[in-house]
Amino acid sequence: MRIIKKVIKFICCIFLIALVIFFIIGYFTTRSDFKNPPEHYTCIGQRVYTAVPAMMVDSTYDSLNLSGRGIKIGVLDAGFGGLRQRSWTQNLKIAAYANFVSGDTLGFFSEKSGKESDHGAYSCACIGGSLSQDTIKGLAWNATYYLAEIDEMNAEPRMEEVRMMDAIRWLLANEVDIITSSCGYTIFDDYDGYSVQMLDGHSSRISCFVDSVLQTNPDLIFIQSMGNKGNKSWRYENFPADVREVISVGAVEKDGLTRAGYSSIGWEGTDYIKPDVCAYVQPPRRGTSFSAPAIAGLCATLLEHKRMSRKELINILNTSGLNYHAPNNEIGYGVPQTSRMSLPLY
């Protein structure tokens with residue numbers, strides 16, 4: 001009997017050890033996947049595209065060899081850790097970068113531990129990530145980038161609005177063509193003065209500021225993630241995604257027509273549709289923080305092909321959307337399709 005008990009204890013110990021090893025391996029595998037999600041590739045024309053851009057482009061677009069060359073893109077985001085080290089982004093042309101949270105840029109690209117430390121780095125991969133310029137994750141791999149860290153990762157103080165405004169002024173001074181933001185605001189830790197009824201494009205401090213910037217700069221393209229409140233009590237877009245001429249971007253499922261459950265819906269109290277358009281987000285990453293950059297990459301290549309006003313570009317995006325004939329506050333005009341853009345544009 002004692003021998004049997006010893007054997008059982010030995011087997012249990014082996015089982016527990018194996019279980020611990022399994023969880024450790026699973027943890028690090030999940031972390032690796034989070035940093036570098038498994039990709040699905042599609043050959044279109046002469047290049048290979050990951051799932052997100054493959055849902056937007058066709059062989060005619062590919063034949064134009066567009067890559068965002070000559071276009072300046074400003075990125076408003078959280079940490080950019082790992083951008084210089086990751087295969088998708090290590091060759092991006094970074095012209096300037098600034099930290100509006102701490103002012104310190106010594107470790108701007110350093111790999112860091114902690115939530116969202118590589119958030120901005122992955123956003124850049126969605127804008128212009130590529131491998132040898134023939135395997136494409138983001139369409140604008142030849143654009144020039146200006147990076148602004150504006151988000152305090154573990155808190156949401158109202159001061160972040162001020163940081164965003166300061167960063168926008170800095171990007172304007174650098175004469176960027178496109179600003180893409182994965183940071184938006186609804187309720188702050190130290191301020192609850194905003195309500196859904198203020199989602200009219202000009203009532204919040206940051207929306208009023210962005211709207212005035214756009215009115216002064218008619219060719220500036222401003223792309224904003226809708227936010228991830230779609231299955232929460234707020235439900236609606238963030239500020240400044242509510243601004244009329246901001247290109248607000250939601251997220252869809254892989255079918256291209258179903259809103260991702262987390263993607264914020266547009267408030268019904270305006271006479272214009274939000275979101276404007278949507279894009280797919282490759283799992284296990286989630287969030288409109290990564291659908292907006294995908295649209296930014298597309299916009300950069302369209303501007304490279306033909307310089308145009310913001311209103312012209314918005315019209316091209318909307319009329320080419322999969323949901324163009326029935327836009328709604330779930331997915332807007334849908335995922336833009338280059339096959340519907342009559343490329344080349346004249």
Q: Is the distance from the ring center of Y97 to that of F80 below 6.0 Å?
A: no
Q: Around Y262, counting heavy atoms of other residues, nucleotides and ligands shown, do more than 12 lie under 6.0 Å from its OH?
A: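 Counting other residues, nucleotides and ligands, OH of Y262 exceeds 12 neighbours.
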Q: Supply the atom-to-atom distance M341 CE to I316 CD1, rounded to the nearest 0.5 angstrom.
A: 7.0 Å
Q: Test Y61 against T301 for side-chain hydrogen bond (donor to acceptor under 3.5 Å, both in side chains), laying out the working first.
A: CA-CA 10 Å; Y61 172 93; T301 61; 2.8 Å; yes
Q: I need the single residue from E161, E160, E156 that forms a side chain to side chain donor-acceptor pair (under 3.5 Å) with R158. Which is it?
A: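 Exactly one pass, corresponding to E161.
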Q: Tell me whether R169 is salt-bridged to D166, with the criterion being a basic N under 4.0 Å from an acidic carboxylate O.
A: yes
Q: State whether a side-chain donor-acceptor pair under 3.5 Å links R47 with N65.
A: yes
Q: Aromatic rings Y194 and Y191: how do their planes relate, parallel, tilted or perpendicular, breaks at 30° and 60°?
A: perpendicular
Q: Identify which one of L298, L139, I44 satisfies the side chain to side chain contact (heavy atoms under 4.5 Å, CB included) criterion when paired with T338.
A: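 Result for side chain to side chain contact (heavy atoms under 4.5 Å, CB included) with T338: L298.
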Q: What's the separation between atom CG in D77 and atom CG in D118, rounded to the nearest 0.5 Å?
A: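 If I round to the nearest 0.5 Å, the distance is 10.0 Å.
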Q: Check whether the side chains of S181 and Q224 place a donor and an acceptor atom closer than 3.5 Å, and report yes or no.
A: yes
Q: Looking only at side-chain N and O atoms, does H119 offer a donor or acceptor that is under 3.5 Å from a partner on S182?
A: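 Per modelled atom types, S182 and H119 side chains form no pair under 3.5 Å.
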